[in-house]
Amino acid sequence: MPYFNYQNQEIHYEFSGPEGAPVVVFINGLVQRAESWALYTRAIVAAGYRVLNYDLLGQGLSSKPALQIDFEENQVILDALMGHLDIENAYICGVSFGGVTVLKFGVEFPKRVRGLVPMSAFTETDAMMASIGCNLYEGLVRVGYDYMIRQFVPINFTSKYIRDNELVLPVVIKASYTFNEFAAVQNIIESIQTFKPFTEDIKKIKKPTLILNGEYDPLTPRWCHEIMRQNIKNSRLVLVPNASHAFTVENPLLAIKLILGFIDDVESKTWKGDQSTWIANENLSSETFMFPCKGNYMSTLPAVDADGGQ
Amino acid sequence: MPANKQQILQIIDTFDKANQQFAQLPMETRAELFKNNVIYKIKGKARETAFQHFLKMPLDSDAKTRIALFIIAVKGANAAVLKNFEFQPVDTVAYSFLHGQLFRELEIITKLQRLTPWSFNWKLYSDAAEFNAALWRETDAAKYAGEFFKVDQHLYEYLALSYAFLSEINFMSVVTIKNIDTDPFVKLLHDLEQDNGQMIQTQLRLLKDINVPLTRAERETIVESKREVVRGIFDRFLLSLCEATPEPAQKS
């Protein structure tokens with residue numbers, strides 16, 4: 001297993017695909033690991049790209065500092081890892097916690113970027129997110145690791161997915177004991193305490209950006225992604241129907257299709273970063289990847305006029 | 001040459017067909033397939049060896065006895081140090097946590113004594129005594145057990161050692177996960193590691209925030225050095241678990 005030494009810390013990574021091809025990087029969410037992107041890697045390598053997956057500091061097979069992890073160091077480590085692997089630039093994709101790193105990387109290392117795909121991400125938090133975050137943290141430190149993971153289930157998945165996978169999810173939780181360490185996960189969560197809103201910063205992002213948001217995402221809801229759409233000029237927002245925060249797990253093939261479609265648009269210079277909003281087409285075999293989103297997608301209720309008419 | 005849209009659709013279609021076939025299977029079959037194919041990756045040769053060993057071998061009473069004796073030795077060593085705080089001034093925030101920790105460590109020892117299906121193989125007990133001696137020697141536990149603490153580097157080193165005990169000794173990542181709900185001993189291991197997770201909060205907070213003249217890097221170095229010692233002991237123990245159970249010596 002390859003490791004990159006970053007300031008005496010080991011960063012575990014997997015780098016696969018044809019040499020010389022454009023590189024696609026995936027950044028994990030909080031309790032994920034490099035292998036979480038196995039299906040993505042197979043499909044994207046089959047499409048002719050190179051894929052770099054790695055474990056963030058404190059995750060998976062990377063080193064797990066006992067006392068502190070610096071949230072602002074994640075993008076710096078990725079820059080160093082890309083330098084180590086002679087990757088000039090890449091498409092940077094990441095989900096949730098990793099989605100934040102995608103955006104920060106885009107702000108701080110624009111020359112390393114061919115395109116950005118922040119998924120279920122955020123640039124600022126509100127009272128609801130803070131409250132959910134506190135519950136997760138309290139669950140971790142007062143009850144235990146697997147309780148915190150169980151708290152993630154209704155946040156990450158739709159009811160249908162939970163029902164269809166009710167026998168699989170307990171196995172996933174138990175398996176996560178083998179690659180996560182309680183204290184390391186706690187340090188990662190605590191590193192978010194220093195998080196400061198950076199909406200103003202993302203205005204600096206000029207590279208093509210595909211923003212993905214699950215329809216029913218309760219943790220990083222629509223407004224988080226709308227802020228990104230409004231502030232990143234070269235962007236498009238795509239809403240993923242019938243999926244929650246972890247739509248990358250619920251409907252991975254749809255996510256892969258959208259990411260590959262985006263990369264193809266950028267590579268073939270047909271990408272239009274016009275800050276428009278779209279709805280992903282759930283029909284995987286359709287040549288239409290997504291539909292224009294009409295109407296008020298910020299509301300969950302239909303518009304009502306002064307007389308109560310709709 | 002990277003794929004164009006048509007080729008992307010073909011790739012997605014190939015994966016989708018496999019997905020559809022999988023989705024047609026009964027949920028029990030899917031869960032079983034997932035259980036058998038989920039990728040486990042464990043860092044460290046000893047832990048990987050133990051994990052592979054326990055995928056094939058049941059956790060029999062000999063193995064449970066050895067694990068219980070090992071944990072009791074570790075908890076006993078930590079309790080021997082924690083008892084010192086009972087004789088010291090109690091007007092600090094840390095006292096109530098360390099007091100609670102002493103009694104939880106003792107409770108875990110009691111639970112293990114009651115729930116372990118103790119083996120009749122006396123050789124296991126003499127081997128455990130050797131491990132016990134090595135544990136005290138290599139961790140320098142005696143250095144902390146015999147004196148009162150001041151807020152200084154000595155205390156910091158003890159906190160780092162107890163942090164290492166709580167964080168490095170982790171059986172749930174290596175023993176089989178199949179019988180967590182049916183085997184009371186495995187359930188106990190799971191529960192006591194949950195307890196460790198809660199107890200470790202005290203160590204983490206003190207290690208991060210305690211007012212001793214140490215930089216962040218010096219603190220990390222001390223903690224990592226203690227983790228390394230405990231990791232070494234635990235790894236040796238795991239490898240010994242994977243060896244054949246020692247037979248009692250024959251009477252000549």
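Here the structure is a predicted model, which is why all the values come from computation and not from measurement. Per chain, numbering begins at 1; letters A, B, ... match sequence-line order.
Taking all atoms of both residues into account, the shortest heavy-atom contact from A3(B) to Y49(A) is O-OH, 4.3 Å. For the pair R30(B) and N165(A), the tightest heavy-atom approach, listed with the atom from each and the gap, is NH1-OD1, 3.9 Å.
Put simply, the side chain of D164(A) does not reach to within 4.5 Å of the side chain of M27(B), judged on heavy atoms. Counting heavy atoms from C-beta outward, D146(A) and H190(B) have side chains that approach closer than 4.5 Å. In this structure the side chain of E193(B) never reaches within 4.5 angstrom of the side chain of Y145(A), judged on heavy atoms. Side-chain contact between D13(B) and L284(A) is absent, with no heavy atoms from C-beta onward closer than 4.5 Å. When side chains are defined from C-beta on, L9(B) counts as touching F289(A), because their heavy atoms get closer than 4.5 Å. Contact of the Q201(B) side chain with the Q186(A) side chain is registered, since non-hydrogen atoms from C-beta on lie closer than 4.5 Å.
Within 6.0 Å of OH on Y147(A) lie no more than 12 heavy atoms contributed by other residues, nucleotides or ligands. The number of heavy atoms from other shown groups lying within 6.0 Å of CD (Q20(B)) is above 12. More than 12 heavy atoms of other residues, nucleotides or ligands sit less than 6.0 Å from atom CZ of R216(B).
Ranked by non-hydrogen atom pairs under 4.5 Å with chain B, the options P170(A), A184(A), P65(A), G20(A) are led by P65(A). Considering only heavy-atom pairs separated by less than 4.5 Å from chain B, the leading option among V168(A), L67(A), L39(A) is L67(A). Across A31(B), A23(B), P2(B), the residue that shares the most heavy-atom pairs under 4.5 angstrom with chain A is P2(B). Of all the listed residues (E28(B), Q10(B), Q7(B)), the one sharing the greatest number of non-hydrogen pairs under 4.5 Å with chain A is E28(B). Chain B forms the most heavy-atom pairs under 4.5 Å with one residue out of G261(A), P18(A), P252(A), S285(A), and that residue is G261(A).
Heavy atoms of T270(A) lying under 4.5 Å from chain B are absent altogether. With a 4.5 Å cut-off on non-hydrogen atoms, A21(A) does not touch chain B at all. Contact of E10(A) with chain B is made through the side chain alone, with heavy-atom distances under 4.5 Å. With a threshold of 4.5 angstrom between heavy atoms, E287(A) approaches chain B through its backbone and through its side chain. Using a 4.5 Å cut-off between heavy atoms, N19(B) touches chain A through its side chain atoms alone. The part of I200(B) that comes within reach of chain A is its side chain, from C-beta onward, which places non-hydrogen atoms under 4.5 angstrom from that chain. Heavy atoms closer than 4.5 Å to chain B are found nowhere in S268(A), neither backbone nor side chain. Only the backbone of R163(A) has a heavy atom closer than 4.5 Å to any heavy atom of chain B.
The only option from I44(A), D264(A), I259(A) that meets the side chain to side chain contact (heavy atoms under 4.5 Å, CB included) definition with I8(B) turns out to be D264(A).
We find the CD1-CG distance between I11(B) and L260(A) to be 6.5 Å, quoted to the nearest 0.5 Å.
Interface with chain A: from residues 217-229 of chain B, residues R219(B), E220(B), V223(B), R227(B) qualify, criterion being any non-hydrogen pair under 4.5 Å. Taking non-hydrogen atoms and a 4.5 Å limit, the residue list of residues 204-212 of chain B in contact with chain A, ordered by number, reads L204(B), R205(B), L207(B), K208(B).
Ion pairing between a basic and an acidic side chain is recognised when a charged N comes within 4.0 Å of a carboxylate O; D265(A) and K5(B) show such pairing.
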